[in-house]
Engineer: 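Here it is: the structure, laid out below.
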Amino acid sequence: MLSFLKRTLGLGASPARPALQLDDALWQHASSAPLFRGLNQDELARLRRIADHFLASKVITPLDGLQPDAAGLARLAAQAALPILNLGQDAYDDWREVVLYPGQFRGPMRYADPIGVVHEYEETYAGMAHQGGALVLSWQDAQHAVELDAWNVVIHELAHKLDMRSGYPNGNPPLHAGMDARRWQQVFSQAYGHLQQRADLGHYTSIDPYAAETPAECFAVFSEYFFEWPHTLKREYPAVYEQLQLFYRQDPAARLPDIRYRALPDDAQKTENMLWW
């Protein structure tokens, strides 16, 4: 675990990149991805300002010889900006570093079984959000996350970061004034319980069953669907969609097409390997 922490915290890493300036060509390429379809000109301009702030305010630390290109960093920043498009660019200001691995990476996993015995082992990750620390991403997976396939490691891990603003990630991020915390808890608890039941019975669900792992993962997976497959989420769990619409202050179903299939990820481990830690 110590060696992983040293690597993740940037010890022995390549030098951090200076802030990238998003010129018109870079931005045009980044914002033309399917994920941003339907955003109007005002929204795209705001997205660009937030992406610029993200790149200027975060230390980008590549590991294992990775040399991220400008187009890829622009694409990453645009994805990071989307969840907070209407929340303000300071929504990520409680952390400052993005650590990038070339591909999926190994890290420690720890859990306590029902009788209280703690088990530790290594797992493979596509992304990881450290409480109070760095956002860690697989560069390869982050670059492929702009397609509308209901799998987005950047949005997933940043949902954990938003969740962590209230402390330990538990699927209850700080809500805006006027939102009903009891209603949020009721809606997500019901959806989480329903997903767990379907997973236990082996029933098909169009929502990634990884959402049934923990309440924190439930919120993160639902956030992926909200931004990539909003119509599916709205059909399956309309009350969840309504709460996320209030939380993110967006309505992706009004701008994105209704996609009714799920492309299988290249790596069968992708879905189960997006975790907070």
Engineer: Applying ring-ring contact (aromatic ring centres under 6.0 Å, His included) to Y125 and Y101, what does each step give before you reach the verdict?
Structural biologist: CA-CA 10 Å; Y125 299 93; Y101 282 88; 9.9 Å; no
Engineer: Does this structure show an ion pair linking K161 with D94, if we count only N-O contacts that are shorter than 4.0 Å?
Structural biologist: no
Engineer: Testing the basics here: between V153 and E224, what is the closest heavy-atom pair and its distance to 0.1 Å?
Structural biologist: N-OE1, 4.4 Å
Engineer: Near R96 CZ, under 6.0 Å, is it more than 12 heavy atoms from other residues, nucleotides or ligands?
Structural biologist: no
Engineer: Any luck finding a side-chain donor-acceptor pair between N86 and R46 under 3.5 Å?
Structural biologist: yes
Engineer: Please tell me whether E217 and H160 have a donor and an acceptor in their side chains that are separated by less than 3.5 angstrom.
Structural biologist: yes
Engineer: Parallel, tilted or perpendicular: which one describes the rings of F247 and F219, with boundaries at 30° and 60°?
Structural biologist: perpendicular
Engineer: For the CD atom on Q186, are there more than 12 heavy atoms of other groups (residues, nucleotides or ligands in this structure) within a distance under 6.0 Å?
Structural biologist: yes
Engineer: Students often mix this up, so state it plainly: with edges at 30° and 60°, are the rings of H194 and Y237 parallel, tilted or perpendicular?
Structural biologist: perpendicular
Engineer: Only pairs at least two apart or in different chains count here, so list each ring pair (Phe, Tyr, Trp, His ring centres under 6.0 Å) that has a residue in residues 63-95.
Structural biologist: Y92-W95
Engineer: Between N170 and D163, what is the shortest heavy-atom contact and its length?
Structural biologist: N-OD2, 3.1 Å
Engineer: Would R48 and E43 pass as an ion pair if we require N to O under 4.0 Å?
Structural biologist: no
Engineer: Does a donor on one side chain sit under 3.5 Å from an acceptor on the other, for Y192 and Q196?
Structural biologist: yes
Engineer: At their closest point, which heavy atom of P83 faces which heavy atom of A80, and how far apart are they?
Structural biologist: CD-O, 3.3 Å
Engineer: Would you kindly say whether Q185 and R182 are connected by a side-chain donor-acceptor distance under 3.5 Å?
Structural biologist: no
